S.K.: 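Would you mind keeping the following structure in view while I ask a few things?
Position 1 is the first residue of the sequence, and the numbers go up from there. In each ligand, atom 1 is the first atom listed, and ligand 1 is the first ligand listed. What you see is a predicted model; the values in this text were computed from it and never measured.
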Amino acid sequence: MRIGIVCYPTYGGSGVLATELGKALADKGHMVHFITYQQPVRLNAFHANIYYHEVQVPTYPLFDFPPYESALSSTMVDVILNQQLDLLHVHYAIPHASTAYLAKQIVSKQGRTVPFITTLHGTDITLVGKDKTYAPVVTFSINESDAITAVSNNLREETYKSFQIEKEIEVIYNFVDIERFKRREKELLHFRNAIAPNGEKILLHVSNFRKVKRVPDVVKIFQMVREKVPAKLLLVGDGPDRPAIESMCRDLHLCGDIRFVGKQEQLEDVMSIADLFVLPSEYESFGLAALEAMAAEVPVISSNAGGLPEVNIHGKTGYLSPVGDVDSMAEHATKLLLDDNLLAAMRKGALEQAQRFHIDNIIPQYEALYEEVMNRALESVDK
Ligand code: GMT
């Protein structure tokens, strides 16, 4: 198939997922065309079946807000027509679903039927999409999608609750490349020793440091754990809350034990040296970073928000606590880190659970959906 993938190219989970999906589809022989305003972060190696089309957004003195959506739709039209795309798969509804709808209408005037699939990822529904500024367009464009997928049951339910959706939303879970995240502790011992030179336990948090991630809770949890267990905290990623978190660490005199490592592409290396992954988010539709940690045998201490209970199984792969209950999260973390047998059992449980989301199980679900949507489109042309 010739598939156009549209996503945010940044470090966010939706862009990561979309890029990994495109790479996996290319490995299976499909032609994959990424259409984004900049090279997606995980699109970092040459692949014969992958093409990248940059959306150029020309500026003009009249524009306080350059019309990105028009530029994106026009690029989609160009790629559909010149690369003979069979379908478009857009990730994150805003504005990708409405731009795909427009592109579909434009090419239909030229006799081309190109269906589009919208994958809902999280805040496109739960935060931004619900806002009345966007809601009518989001509702319309989701309903106009030829197929809709959500990355968890929770997100599917939230979408039905928040919008008047007239179609079936299929749940296709996020996935992980188990081989890539396979724990390589011995190989990376030098890295572990550099972070924790005296054998301290390593807690890890990875995010884009937005409010929804509750990074201050990570620091509070760490502070409590560190009173009972010699430990270090690795903070990976960057975003709007980072300066405030840095001040918080200084105020709490924790700077010596907390390392900000910024954005990292080799997440599998960082995951490989961690003992616990901490994700106290206000909301997560899924929690892709937690899944990647679990694939590296890292148990997860998380909130029970959104789709997290579908990924992190309380007492098997880590522990769940109510949002904001840092005492409970710290208690769970401390208990785990002080009990080597329990930690070993949870590590095993984490890897077992990650296998459920193995890339090889999930990619065929997308391929089947593509086939179904293309067949339906062909049937509608025949009629
Ligand atoms: O919805 C967002 O906040 C953006 C999105 C992203 O691009 O980071 O994250 C969402 O999509 C990920 C991939 O499907 C999920 O793993 C994240 O849980 C989800 N984030 C939220 O729901 C806050």
S.K.: Ring centroids only, cut at 6.0 angstrom: are His89 and His96 within range, meaning strictly under it?
M.R.: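 No, ring centres 6.0 Å or more apart.
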S.K.: Kindly give the cluster partners of Phe63, where membership spreads through any ILVMFWY side chain lying under 4.5 Å from a current member.
M.R.: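 Cluster partners of Phe63: Tyr60, Leu62.
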S.K.: What pairs of residues pass the salt bridge (charged side-chain N to carboxylate O under 4.0 Å, His left out) test when at least one of them lies in residues 162-172, not counting sequence neighbours?
M.R.: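 Found Arg156-Glu168.
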S.K.: Take Thr99 and Ser73, measure what side chain to side chain donor-acceptor pair (under 3.5 Å) needs, and give me the verdict at the end.
M.R.: CA-CA 5 Å; Thr99 48; Ser73 284; 4.7 Å; no
S.K.: In order of chain and number, which residues sit within 4.0 Å of ligand 1 by heavy atom?
M.R.: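 Contacting ligand 1 under 4.0 Å are Gly12, Gly13, Ser14, Tyr92, His121, Gly122, Thr123, Val151, Asn174, Arg210, Tyr283, Glu284, Ser285, Phe286, Gly287, Leu288.
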S.K.: If you count the non-hydrogen atoms of other residues, nucleotides and ligands that lie under 6.0 Å from CD in Gln110, is the total more than 12?
M.R.: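 Enclosed.
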S.K.: Side-chain heavy atoms under 4.5 Å apart, restricted to Ile/Leu/Val/Met/Phe/Trp/Tyr: what other residues fall into the cluster of Leu189, or is it alone?
M.R.: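 None; Leu189 is a cluster of one.
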